[in-house]
Number of protein chains: 2
Amino acid sequence: MSNEQALKQYDAAKYRTPDGYTSDIAVFTILSEKAEAFKPPVMDLKIMLIQRSMMDSEGRPNMEAGKWALPGGFVDPEESAYQSAQRELREETGVDHIHLEHFGVYDTPGRDPRGWIISNAHYAIVPEHELSHRQARDDASEVELFSVSEVLELDLAFDHAKIIQDAISVIRKKLLETTVAKAFLPEEFTYSELQAVLLTVTNDSAIALDAAFARKIKSLPFIEEAEGKKTTRTSKKPTQLYRFVNMEVNNSIYHAKK
Amino acid sequence: MSNEQALKQYDAAKYRTPDGYTSDIAVFTILSEKAEAFKPPVMDLKIMLIQRSMMDSEGRPNMEAGKWALPGGFVDPEESAYQSAQRELREETGVDHIHLEHFGVYDTPGRDPRGWIISNAHYAIVPEHELSHRQARDDASEVELFSVSEVLELDLAFDHAKIIQDAISVIRKKLLETTVAKAFLPEEFTYSELQAVLLTVTNDSAIALDAAFARKIKSLPFIEEAEGKKTTRTSKKPTQLYRFVNMEVNNSIYHAKK
DNA sequence: AAAATAGTGTCTTTTAGACAGTATCGG
DNA sequence: CCGATACTGTCTAAAAGACACTATTTT
C-alpha cells in the first residue's frame, strides 16, 4: 500500500492546528432538601462547579481566576477526551470512577482568550454519595454544588454559561426520556422517591398526583417490584420498594408504549 | 482583570497539541427502489461515500487511496468543525446547503496513521434531490450511494467502518424517535409513503399493516391532514395527503402519549 | 384517635389491535 | 369488472385519568 509514501510527503505545517484541546465536565446530582423521618423527600437538581484559583499549580496567575467554572482542562497526548475528562475531574475535585457522557463540542473562535481552543463537554449523573469526598485541588480553590435554578446567575468563566445551559437541557431530557433517574436513587426505591426525582424537571399531573403515579410505576416495563421488600423511610405505612430493570427503552413516537 | 498577565505567562509548549482536527460527514438519504405508477413506494436507506483518489490535489499520493470513505477533511483556522463539515462536503461532493448534526468525536490514538488526529463526525438526513448534483471533486474520485445493509462490506478508510456503524444506529433511532422522517418525504405525503420510510428501519406490525397505520397517522399529534388534498401517485384511488406540524415531540417514558 | 403516606376500587373515556368489509379508480 | 390501494366499521381488550375510599403505622 502507498500509505507510507503518502505519509512521507504529508506536510503537517500546511494546516493550522488548534492551540489546545480540552475537556469540561458537568456533574449533576440531586439532593434531598429536608429529610425528615417518615416523609417522602423533596429534591433539587444540583451541578458541581469549581472556583478557579488565583494562581495555577506553578504559582503563575490563572486564567479567569476567581470565577466559577466547570471542572476540566487540557487533554494529554495519547489520551482521549473522555479519559482526560475523568482525569481532570479526579485532579480538581477528587471525584473519580463515575460514568461520563459526551454531549457537545465547543470550538467557536474566540471562546477562550488563549487562542483556538476546542473543548469537549461531558456530563455525569450521579447519586450524592459519589461526590461525598469532593475537595478542591490543583487549579480549584473551591468545589460547590449549585441548584440549577440559580447557577446561571453566577459569574462563570469562559463560555461555561452556555455549556452549562446546554447541559441542563440535556439532563432534563435524559431524566424523562431514559432511565437515568436510576442514578439519583438507591438500588431499591419507593414510588415517592422516584416521583421526587422526576418532579425536579417536570410538574405534569400524571407524575405529581400520588395515586396516579403509584399505579403507573407498576406498569412501567423498565421497573420491577422488589418482592416482599418494604421500607418505612418515607412514611409510617411500610412502602413497597422497586428497582430498575436493565433494558433498552422503546421510545418510538410512532409505536404504542408497551 | 489578570487575564492579560495570565496569558503572557501561559506556555503553549507545555501541552502537546493534536496533529490535526478534522470533520467527517455521513449523509443519508432514502431512495425509492421501484417507482411504478399507482404503486406505493418501496424504499431503502442509503449513505453517501466517496472513493479516495490516488493522488491528492497537489499530485502527491493520497492516504488510504482507493478506499471508500466518508467525505471530510481538515478544519481550517477560524472555522468551526460544523463549518468545516459543510465546506468539505461541498468541495468533495458538490453537495451544499444541507443541515448537519454532530453525533460523535473520534480521537482514539492510532485511528489515523498520520498522528493524533481528532475527527468530529456529523450526519445529515436529506431527500434525494439535495444530492442530485453530487459529483466527485478534489480528493474524491467517485461519489456513490450505498445501501446501509451492504456498506459495511466495503473496504473502508481509517476507522470509518466504526463511524458509519455508529451513524446508522443514530439514524435508526432518530427516524423512529423524532420527526426527521420528514426530510425523506415531499412536503405533503400519503400514509403509505411515510410507512415506506419507517419500514426501512423497523418491521413492527403497527407500522407494517396498512389499516393500522392508515388510522394511526390521523392520531399522531405532529402530523396533520392537508385538507381536501389528494394524490393518485400511489394508487388509483385518490389518497389523502398529510404534512408534518412543526412541534416539539413529547417522548417521556413516564408520560402517556398525547 | 389523629395525622400522614401509601396505596386500592371503581367508573368513565380513550386508545390499540385485529380483521372484515367497503370505496375508488385505471386498464 | 378485475385488481390494487385506501381506507372505514366494528369488536375486544387494555390503558389512562379522576377521585373516593381503605390500610398501616407512629405519636
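Just so we're clear, the structure is a prediction, and the values are computed from it rather than from any experiment. Every chain is numbered from 1 and lettered A, B, ... according to where its sequence line falls, protein lines coming before strand lines.
Using a 4.5 Å cut-off on side-chain heavy atoms (C-beta onward), Leu176(A) and Arg172(A) make no contact.
Between the OH atom of Tyr254(B) and the C1' atom of dA16(D) there is a distance of 18 Å, rounded to whole Å. Rounded to whole Å, the distance from NE2 on His255(A) to C1' on dT15(C) is 16 Å. At whole-Å resolution of the value, CZ in Phe189(A) and C1' in dT5(C) are 18 Å apart. Note: CG (Leu220(B)) to C1' (dT15(C)) measures 12 Å, nearest angstrom. The CZ atom of Phe213(B) sits 15 Å away from the P atom of dA18(C) (whole-angstrom rounding).
We find that Glu144(B) and Arg134(B) are not joined by a salt bridge, their nearest charged nitrogen and carboxylate oxygen being 4.0 Å or further apart.
A residue-by-residue look at Thr232(A) and Leu209(A) shows that Leu209(A) has its nearest nucleotide of DNA chain D further toward the 5' end.
In this view, Phe28(B) satisfies the ring pair (Phe, Tyr, Trp, His ring centres under 6.0 Å) rule with no residue, not counting sequence neighbours. Partners of Phe244(A) by ring pair (Phe, Tyr, Trp, His ring centres under 6.0 Å), not counting sequence neighbours, listed by chain and number: Phe189(A). In this structure Tyr242(B) satisfies the ring pair (Phe, Tyr, Trp, His ring centres under 6.0 Å) test with no other residue, sequence neighbours excluded. With sequence neighbours excluded, no residue satisfies ring pair (Phe, Tyr, Trp, His ring centres under 6.0 Å) with Phe38(B).
Side-chain N/O atoms of Ser205(B) include one lying less than 4.0 angstrom from OP1 or OP2 on dA18(C).
Using cut-offs of 30° and 60° for the angle between ring planes, the Phe222(B) and Tyr254(A) rings count as perpendicular.
Rounding to the nearest 0.5 angstrom, the gap separating the CZ atom in Arg87(A) from the OG atom in Ser23(A) is 8.5 Å.
Pairing analysis of DNA chain D (Watson-Crick: purine N1 to pyrimidine N3 plus N6-O4 or O6-N4; G-U wobble: N1-O2 and O6-N3; both under 3.5 Å) yields stems of 3 or more pairs at C:1-27 with D:1-27.
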Original post:
Base, backbone or nothing for each nucleotide of nucleotides 1-11 of chain D, written B, S, -, heavy atoms under 4.0 angstrom, 5' to 3'?
Top reply: --BSSBSBBB-
